[in-house]
Amino acid sequence: MKLKIESDTIKSLLINFGLAAGLLILLSFTFFYKVLPNLTNKGKVVTVPDLKGMNFDEAKKFLETRELSFEVTDSAYDSEMEALTVLEQFPRPLSKVKIQRKINLKLNARNAPLIAILDLTGSTLDFVQRQLRTLDIKIASIQHRPDIATGSVLELLFKGTRVQAGQRIPKGSQVSLVVGSFTDKPFPLPNLIGMEYDDAEVLLFGSNLKIGEIHTVIDDQVEEGIIQKQSPMPGDSVKSFDTVDLWVFNFQRKE
């Protein structure tokens, strides 16, 4: 028995197949050329603005008005800029991107990191300046003190207090340097009264001053070696290599 397929049936199948194929082509065309471009914002590009130097809130509003999103991906610290200021961005300014593109932001940190200060005393002024510059520590002032170590840094001061080796201070801080210098100009004599003799001797030596006469003051109620009086008096003008006489409680000369 032979199976007979009527021509009308074949024609009907071909028509239905053609309609299905046409519909598929129409749907594909609509998806790839109409729907997909809208989903990917094809053809809708904007210019990336320059955000460097803007604070975070300002940059956020600026991006929103241009249909761009953002993400904070990193932070650093720049003592010259305010906290939460945009330091860097990607993509770079003036780049062409699609709308809703995410802009990666690098912000300036709120708090300065702490920097360990090495022992710089005795180093030349030029060396210390270069070292502090690499650490982003600023020099607020340079003071000169009479000392045989001319041109060498004697002390580094932070908020009026001497910085010890290894001490950590905030990056971007301002410090003062005390530098040794030889001078024949008068300067005020330090107050030695109440100091121990050994400490006073070091201070006078560092100021290019000499110890003159030492007078022993007997008093059992006072610790040995404490300075009772000095001449010239504290604050009097002296010059390098001047002598200073001392009155010292219960002083005994060392052999």
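A pairwise comparison of heavy atoms in Ile142 and Gln129 identifies CD1-NE2, 3.9 Å as the closest pair. Nearest approach of Leu189 to Pro232, heavy atoms of both residues: CD2-O, 3.1 Å. Taking all atoms of both residues into account, the shortest heavy-atom contact from Ala112 to Pro170 is CB-CB, 4.1 Å. What you find for Ser69 and Gln100 is that their closest heavy atoms are OG-O, 3.3 Å. Here the closest heavy-atom approach between residue Phe249 and residue Gln228 is recorded as CE1-CB, 3.4 Å. Here the closest heavy-atom approach between residue Lys96 and residue Thr47 is recorded as NZ-OG1, 2.5 Å.
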Would you check, one step at a time, whether the test side chain to side chain contact (heavy atoms under 4.5 Å, CB included) holds for Asn108 with Leu84?
-> CA-CA 5 Å; Asn108 198 28; Leu84 301 184; over 6 Å; no

I would like to know whether Ile137 and Ile169 meet side chain to side chain contact (heavy atoms under 4.5 Å, CB included); could you show each step before the answer?
-> CA-CA 9 Å; Ile137 300 296; Ile169 64 176; 4.0 Å; yes

Do Phe158 and Ser173 pass the side chain to side chain contact (heavy atoms under 4.5 Å, CB included) test, and can you show the C-alpha distance, the side-chain angles, and the key distance before you say yes or no?
-> CA-CA 8 Å; Phe158 175 59; Ser173 296; 3.6 Å; yes

Worked verdict on Asp119 versus Thr121 for side chain to side chain donor-acceptor pair (under 3.5 Å) | CA-CA 6 Å; Asp119 187 2; Thr121 56; 2.7 Å; yes

Test log, rule side chain to side chain contact (heavy atoms under 4.5 Å, CB included), inputs Val175 and Ile117 = CA-CA 11 Å; Val175 299; Ile117 303 299; over 6 Å; no

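Within the 4.5 Å cutoff, side-chain heavy atoms of Ile103 are placed close to those of Leu63. Two residues are said to be in side-chain contact when any heavy atoms from C-beta on lie closer than 4.5 Å; Leu209 and Thr243 fail this criterion. At least one side-chain heavy atom of Gln252 sits under 4.5 Å from a side-chain heavy atom of Glu224. Between Val46 and Val97 the shortest side-chain heavy-atom distance falls below 4.5 Å. At least one side-chain heavy atom of Leu157 sits under 4.5 Å from a side-chain heavy atom of Val178.
No side-chain donor-acceptor contact under 3.5 Å links Glu71 to the backbone of Thr73. A side-chain donor-acceptor contact under 3.5 Å links Gln89 to the backbone of Pro49. Between the Asp74 side chain and the Leu105 main chain, no donor and acceptor come within less than 3.5 Å of each other. With hydrogens and angles disregarded, a donor-acceptor distance shorter than 3.5 Å links the side chain of Gln230 to the backbone of Leu192. In this structure a side-chain-to-backbone donor-acceptor pair under 3.5 Å is missing from Asn104 to Pro91. Side-chain N or O atoms of Asn191 include none that pairs as donor or acceptor with a backbone N or O of Pro234 at under 3.5 Å. Judged purely by atom type and a 3.5 angstrom limit, Asp199 has no side-chain atom pairing as donor or acceptor with the backbone of Glu196. The closest donor-acceptor contact from the side chain of Asn55 to the backbone of Thr85 lies at 3.5 Å or more, if one exists at all.
Both Leu204 and Phe187 belong to a common hydrophobic cluster when Ile, Leu, Val, Met, Phe, Trp and Tyr are linked at side-chain heavy-atom distances under 4.5 angstrom. Each of Val222 and Phe251 belongs to its own hydrophobic cluster when Ile, Leu, Val, Met, Phe, Trp and Tyr are linked at side-chain heavy-atom distances under 4.5 angstrom. Residues Val202 and Ile193 do not share a hydrophobic cluster, clusters being chains of Ile/Leu/Val/Met/Phe/Trp/Tyr side chains in contact below 4.5 Å. Leu87 and Leu51 are assigned to two separate hydrophobic clusters, defined by single-linkage of ILVMFWY side chains at heavy-atom distances under 4.5 Å. Val217 and Ile226 fall within the same hydrophobic cluster, where Ile, Leu, Val, Met, Phe, Trp and Tyr residues are linked whenever their side-chain heavy atoms come under 4.5 Å apart, directly or through other members.
In this structure, a donor-acceptor pair under 3.5 Å is present between the side chains of Ser79 and Lys138. For the 3.5 Å distance criterion, the side chains of Ser141 and Ser176 qualify, holding a donor opposite an acceptor. Judged purely by distance below 3.5 Å, without hydrogens or angles, the side chains of Asp242 and Ser240 never pair a donor atom with an acceptor atom. Between the side chains of Ser75 and Lys106, no donor N or O sits under 3.5 Å from an acceptor N or O.
One finds the CG atom of Leu156 at 11.0 Å from the CG atom of Leu118 (value rounded to the nearest 0.5 Å). Between the CG atom of Leu246 and the CE atom of Met195 there is a distance of 10.0 Å, given to the nearest 0.5 Å. Taken from NZ in Lys171 to CG in Asn111, the straight-line distance is 13.5 Å, to the nearest 0.5 Å. Put simply, CG on Leu107 and CD on Glu82 are 13.5 Å apart, with the number rounded to the nearest 0.5 Å. Here the CG-CZ distance, from Leu177 to Arg145, works out to 12.0 Å after rounding to the nearest 0.5 Å. Taken to the nearest 0.5 Å, the NE2 atom of His215 stands 4.0 Å off from the CH2 atom of Trp247.
Evaluation of the ring pair (Phe, Tyr, Trp, His ring centres under 6.0 Å) test over residues 53-80, restricted to residues two or more places apart or in two chains, returns Phe56-Phe70.
Contact check on Asp57 versus Lys61 returns no salt bridge, with no Lys/Arg side-chain nitrogen under 4.0 Å from an Asp/Glu carboxylate oxygen. Using a cut-off of 4.0 Å between Lys/Arg side-chain N and Asp/Glu carboxylate O, Glu67 and Lys44 are scored as not salt-bridged.
The neighbour count for Phe90 CZ, taken as heavy atoms of other residues, nucleotides or ligands under 6.0 Å away, does not exceed 12.
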